[in-house]
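Structure record follows, encoded as structure tokens.
All figures in this text were calculated on a predicted structure; none of them were measured in a lab.
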Amino acid sequence: MKWISCLAVCLLLIASCDKGAKSITLLAWSEYVPQKVIDGFEKETGIKVHYDAIDNNEALVQKLLSGASKYDVIQPSEYIIEQLAKLNKLAVLDHSKLPNLKNIGSQYMDMPHDRGNKYSVPYMTGTVGIVVNTEKVKEPIHGYRDLFHPKYTKRIVVLNDAREMVSWALNCLGLDVNEINPRSLAKAKPILADWVRLIRVYDSDSPKTSLSNGDCDLGVVWSGEAAKLWEENQKFVYVLPEEGTHMFVDSLAIPVDAPDVDAAHQFINYCLRPEISKLISDEFPYTNPNLQARKLLSQKQLDNPASYPKGEAKLGTFRDIGKASSDVDALITNLKSQG
């Protein structure tokens, strides 16, 4: 019977270790946090990271507000941070636990959606722009008006994102992309109706795929996707639309009911280290707001025209539009069904 006693002791020790093991749950965009970053954090801290992936901001909000799962760290874009803050769903960050916050460039701090960075820390920024396969498209493309032309019918891939699509039309009209109301949507509707007939693919996860495999010759995509295409073949040219476009700011934040706030701060501060932030840029070549991490990038990375566009451009961030977001979704859904 002695072996049974030993086995019981071993099982108690294992159970005790498991009970004391720490973990956090990360709710983030799919394929946006490198496995190397997660592995490094787990090895250094002993804190296990569970990665729950989403493919758009609306899914993030839905999962967070459903209450079905508790999250320690989330990865919303700028207007969602503002929305969640209004709903009192975000914890106030303790900046004393985020010493590496000093590495973020001042131009990315204290932005309109989160004054004083009370609730969020910039993770990656980028733009929405046009990719042109210059081997297939010889005419100059300067903006949305050039892109959405009947001669490119069913040769175009765009982000499967209603807010983005409406903003492109509003930019063409010279209207504020954050002033969304029945009047502005009515003006945008005929433009969008014409565009929908031309689009072949809607894809927010990997819009580069349709361009890389030759299914489409033009696209409106995230800049990080465009940067990967340029790395693959420099025939893929990135254009910031002359009418204006969205500069997004993807950030890290902590839900107000996070199970382990201290571990969440640890993870955020870890991601802010220059050498760790560089790993993110290596895998996902968006615009890195961590200026100390940029110093570690190669010249080729810094010269990527999609990651770090040259010249002047009309860029703006999104703000929370409240209940108007449902009107935006309905408009695009209806147009797609008719197109």
Once rounded to the nearest 0.5 Å, what's the spacing between atom [atom1] of [X] and atom [atom2] of [Y]?
{"X": "R273", "Y": "Q292", "atom1": "CZ", "atom2": "CD", "value": "14.5 Å"}
{"X": "R319", "Y": "E179", "atom1": "CZ", "atom2": "CD", "value": "10.5 Å"}
{"X": "S307", "Y": "L302", "atom1": "OG", "atom2": "CG", "value": "9.0 Å"}
{"X": "L279", "Y": "C271", "atom1": "CG", "atom2": "SG", "value": "10.0 Å"}
{"X": "I24", "Y": "I268", "atom1": "CD1", "atom2": "CD1", "value": "8.5 Å"}
{"X": "I54", "Y": "S30", "atom1": "CD1", "atom2": "OG", "value": "7.0 Å"}

Identify the two heavy atoms, one from [X] and one from [Y], that lie closest to each other, and give their separation to 0.1 Å.
{"X": "M247", "Y": "T317", "result": "O-CG2, 3.3 Å"}
{"X": "V128", "Y": "P241", "result": "O-CD, 3.9 Å"}
{"X": "D55", "Y": "A59", "result": "OD1-CB, 4.4 Å"}
{"X": "D72", "Y": "P259", "result": "OD1-CD, 3.2 Å"}
{"X": "G129", "Y": "Y238", "result": "N-OH, 3.1 Å"}
{"X": "E231", "Y": "N304", "result": "CG-ND2, 3.7 Å"}

Any donor-acceptor pair under 3.5 Å linking the side chain of [X] with the backbone of [Y]?
{"X": "H95", "Y": "N117", "result": "yes"}
{"X": "E82", "Y": "D320", "result": "yes"}
{"X": "S23", "Y": "K48", "result": "no"}
{"X": "Q301", "Y": "S298", "result": "yes"}
{"X": "N213", "Y": "T209", "result": "yes"}
{"X": "E164", "Y": "H246", "result": "no"}
{"X": "K314", "Y": "T245", "result": "no"}
{"X": "N290", "Y": "I104", "result": "no"}
{"X": "N57", "Y": "P76", "result": "no"}

Any heavy-atom pair between the side chains of [Y] and [X] that's under 4.5 Å?
{"X": "W195", "Y": "C172", "value": "yes"}
{"X": "D327", "Y": "L331", "value": "no"}
{"X": "K228", "Y": "P285", "value": "yes"}
{"X": "V249", "Y": "I81", "value": "no"}
{"X": "T287", "Y": "R294", "value": "yes"}
{"X": "L84", "Y": "I74", "value": "yes"}
{"X": "Y152", "Y": "D146", "value": "no"}
{"X": "V256", "Y": "L90", "value": "no"}

Is there a path of hydrophobic side-chain contacts, each under 4.5 Å between heavy atoms of I, L, V, M, F, W or Y residues, that connects [X] with [Y]?
{"X": "I80", "Y": "F248", "answer": "yes"}
{"X": "V177", "Y": "I191", "answer": "yes"}
{"X": "V131", "Y": "Y202", "answer": "no"}
{"X": "V137", "Y": "V158", "answer": "yes"}
{"X": "L60", "Y": "L87", "answer": "yes"}

Taking the ring of Y123 and the ring of Y286, is the distance between their centroids below 6.0 Å?
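Between Y123 and Y286, which both carry aromatic rings, the centre distance is not below 6.0 Å.
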List the steps and the verdict of side chain to side chain contact (heavy atoms under 4.5 Å, CB included) for L147 and W168.
CA-CA 11 Å; L147 169 70; W168 309 336; over 6 Å; no
When P289 is tested against each of N103, V121, T125, L272 for side chain to side chain contact (heavy atoms under 4.5 Å, CB included), which residue passes?
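Only match with P289 under side chain to side chain contact (heavy atoms under 4.5 Å, CB included): T125.
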Can you tell me which residue among K63, K70, Q75 is in a side chain to side chain contact (heavy atoms under 4.5 Å, CB included) with L27?
K63
Got a salt bridge between D282 and K278, using NZ or NE/NH1/NH2 to carboxylate O under 4.0 Å?
yes
If you count every heavy atom of other residues, nucleotides or ligands that lies below 6.0 Å from [X] atom [atom1], does the total exceed 12?
{"X": "K310", "atom1": "NZ", "result": "yes"}
{"X": "K36", "atom1": "NZ", "result": "no"}
{"X": "K102", "atom1": "NZ", "result": "yes"}
{"X": "K138", "atom1": "NZ", "result": "yes"}
{"X": "Q35", "atom1": "CD", "result": "yes"}
{"X": "R115", "atom1": "CZ", "result": "yes"}
{"X": "K235", "atom1": "NZ", "result": "yes"}

State whether a side-chain donor-acceptor pair under 3.5 Å links S277 with N288.
yes
Is there a donor in the side chain of K336 and an acceptor in the side chain of N160, or the other way round, less than 3.5 Å apart?
yes
Walk me through whether K97 and V261 qualify under side chain to side chain contact (heavy atoms under 4.5 Å, CB included).
CA-CA 11 Å; K97 295 180 179 179; V261 173; 5.6 Å; no
Regarding R163 and the six-membered ring of Y79, is the cationic atom NZ or CZ under 6.0 Å from the ring centre and inside 45° of its axis?
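R163 over Y79 ring: yes.
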So F41 and F267, would you call those rings parallel, tilted or perpendicular, with 30° and 60° as cut-offs?
perpendicular
Please work out whether the ring planes of Y144 and F148 are parallel, tilted or perpendicular, with thresholds of 30° and 60°.
parallel
Intermediate values then yes/no, side chain to side chain donor-acceptor pair (under 3.5 Å), S212 and E232:
CA-CA 8 Å; S212 181; E232 174 187 312; 2.8 Å; yes
Start with the C-alpha gap between S77 and F318, add the side-chain angles, then the distance that decides, and say whether side chain to side chain contact (heavy atoms under 4.5 Å, CB included) holds.
CA-CA 9 Å; S77 299; F318 283 174; over 6 Å; no
Worked verdict on K118 versus D114 for side chain to side chain contact (heavy atoms under 4.5 Å, CB included)
CA-CA 6 Å; K118 186 177 180 181; D114 185 16; 3.7 Å; yes
